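Keep in mind the model is a prediction, meaning the values are calculated, not measured. The figures that follow rest on heavy atoms only: side chains count, while hydrogens, waters and symmetry mates do not. Sequence lines set the chain letters: A, B, ... in the order given, protein chains first and strands last, and positions in each chain run from 1.
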Protein chains: 2
Amino acid sequence: MSARRRGHKAPKGYDPSEYPQFAVTVDVVILTIVDEHLQVVLVRRRDDPYKGMWALPGGFKRPDETLKDAASRELREETGVEAADYLSEFGAYGDPGRDPRMNVVTIGFLAVLRDVGDLAGGSDAVDARLVPVADAIGGEVGLAFDHGRILQDAVERARRDLETTSLAKAFVGPMFTLKSLRNVFEAVWETELDAANFHRTMTRSAGLVVPTGSVVPPGSAGGKPAQQFEFGPDYAAAPMRRPPPEPREGKGRRDTDE
Amino acid sequence: MSARRRGHKAPKGYDPSEYPQFAVTVDVVILTIVDEHLQVVLVRRRDDPYKGMWALPGGFKRPDETLKDAASRELREETGVEAADYLSEFGAYGDPGRDPRMNVVTIGFLAVLRDVGDLAGGSDAVDARLVPVADAIGGEVGLAFDHGRILQDAVERARRDLETTSLAKAFVGPMFTLKSLRNVFEAVWETELDAANFHRTMTRSAGLVVPTGSVVPPGSAGGKPAQQFEFGPDYAAAPMRRPPPEPREGKGRRDTDE
DNA sequence: GTAATAGTGTCTATTAGACATTATCCC
DNA sequence: GGGATAATGTCTAATAGACACTATTAC
């Protein structure tokens, strides 16, 4: 007991052997939207003892880099993308035994990309694929360790940040139609938004999104060409609130019926 | 380069000397409201090489405890409080050199207490005091390392959680007046809320707060006795939005005038 | 009585949401 | 033309915010 001191400010010359040592890893939850659905990058290592399990990309933090730099490096190594359009820390994970092989504390980072590019180009020792978030959370994909919980936390953070920050910018390119922007909110929030009201809410106050003048022709099914917009200087948060999750059928208390 | 492997899943028998080792500390931002102002617990260690600097309470994480347990333990050691009314992780700090004495990654926890009790009872080696958050952030109190930034992040998280979670419960006791509850929002958000509208918003839908029937007599200045309330089952988030920060005088663009 | 605090009532401007209507394309 | 998609218009209910007013206490 005397060996341990209160507080984390060890005196000069404090012997590292007197306090516990941990490996620190950074795991990156890389989100993007493909086919109108939210997807996450998962990897599977060929030399992994947990064969068949998919995992979040990640790696050891180095002493001479920041946590964010470590996350950025892992992202680059995994996807070849130089810089994420959004990269922020969302959680820390240090339960004893969560990795049976060592004492490790993992910092979770949320990365959002407009386009994930060619995943196979990342590394020759790693399988990487895009998985719909619903599948990964739903348990249809076996996730290693506590990566399921980490992914859940990341998605919840993305849902919140989409409402309270300019995260939406990271999901779309410099020019976008209001339909594609609406799809971002619908995919991340897992909800449906009225197209007419969405259009009005986005364009009501100038400075959120501004029309560029160019239009995109409709698909083979026809329709009015859609205006292309870009973000204005005032977009700092979603101009609408996230709708509350719909009550499940047959769950929760039932006041009426029967 | 060959010694380092991509990803954090080291093979069995991986040599700990092949990846960097860190000390992991947990720092706890303990918030409470005293005299209608938000306050934070700071400590100053007698044997600290950085004499005169105040710091956030914290300590090393042990391999056999979770991060939250470590935070809870530090909180208990510092304040004698057995359990915080709110305790959640809000950030990770790992910049190289942030603690010049060792490689350390710090996990920040936000703790909220209704009553901080006797701080001096915590330890004989530590001075502890309550400091108004405005003073601590304003630079009027010298904070060690990057603790100023950690504190700022914690306060920002508290502001957000007060709006989106039931954090308000942690600031008041089991019974409270609407004035004291309103003061929680005003102190944390650094704003003023209309008392009449606050009352209506809180009591409009039953299940948020419910009157207990008991009242508290007014002070020496007189006034109508205040009803005491307790939280109902439906209080999961603040029933009002956080007001946007007021634009500073003389700052920002000026469209009119001159 | 006056001052002070708790709580209610009322009015208005804004907003969310539902939904009809118009505009412009493909076939 | 008919179908499909984009964008606008309209209506209603709910809400936020300002503020007047009533209720109950200390002095």
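- Within the 4.5 Å cutoff, no side-chain heavy atoms of Val81(A) are placed close to those of Val116(A).
- Comparing Gly223(B) and Phe229(B), the nucleotide of DNA chain C nearest to each residue sits closer to the 5' end for Gly223(B).
- Side-chain atoms of Thr212(B) and Glu230(B) form no donor-acceptor pair, as typed in the model, at a separation below 3.5 Å.
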Output a table of donor-acceptor pairs, distance under 3.5 Å, between side-chain atoms of residues 172-180 of chain A and any protein atom two or more places apart or on a different chain; print 'none' if there are none.
residue, atom, partner, partner atom, Å
Thr177(A), OG1, Ser180(A), N, 3.2
Thr177(A), OG1, Ser180(A), OG, 3.3
Ser180(A), OG, Thr177(A), N, 3.3
Ser180(A), OG, Thr177(A), O, 2.7

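- When rounded to the nearest whole Å, the span between CZ of Phe198(A) and P of dA18(C) equals 15 Å.
- Looking only at distances, a side-chain donor or acceptor of Arg114(B) sits under 3.5 Å from a matching main-chain atom of Lys169(B).
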Close N or O pairs between protein and nucleotides 10-16 of chain C (under 3.5 Å):
residue, atom, partner, partner atom, Å
dA16(C), OP2, Arg204(A), NH2, 2.8

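- Listed nucleotides: dA23(C), dG7(C), dC25(C). Nearest to the side chain of Lys224(A): dA23(C).
- Between Asp153(A) and Arg157(A) no salt bridge is recorded (no basic side-chain N to carboxylate O distance below 4.0 Å).
- Atom CD in Gln227(A) sits about 11 Å away from atom P in dC25(C), given to the nearest Å.
- Looking at heavy-atom distances under 4.0 Å, Ala195(A) makes no contact with the nucleic acid at all.
- Closest-nucleotide positions on DNA chain C for Ala226(B) and Pro217(A) were compared, and the one nearer the 5' end corresponds to Ala226(B).
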Inset, instruction - Decide salt bridge (Lys or Arg N to Asp or Glu O under 4.0 Å) for Glu156(B) and Arg242(B); before the verdict, give the C-alpha distance in whole Å, the side-chain angles of both, and the deciding distance to 0.1 Å. - result: CA-CA 12 Å; Glu156(B) 184 49 44; Arg242(B) 172 184 173 190; 3.3 Å; yes

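- Taking a heavy-atom distance under 4.0 Å as the criterion, the stretch of DNA chain D touched by chain B extends 5' to 3' from dA16(D) to dC27(D).
- The side-chain heavy atoms of Asp27(B) and His147(B), taken from C-beta on, include a pair separated by under 4.5 Å.
- Residue-to-nucleotide proximity on DNA chain D shows that, of Pro218(A) and Ala196(A), the 5′-proximal contact is made by Pro218(A).
- The minimum heavy-atom distance between Gln39(A) and Val34(A), with the atom names listed, is NE2-O, 3.1 Å.
- Atom CG in Leu181(B) sits roughly 12 Å away from atom P in dG7(C) (whole-Å rounding).
- Checking the phosphate oxygens (OP1, OP2) of dA6(C), no side-chain nitrogen or oxygen of His199(B) falls inside 4.0 Å.
- Formation of a donor-acceptor pair under 3.5 Å by the Asp35(B) side chain with backbone atoms of His37(B) is not found in this model.
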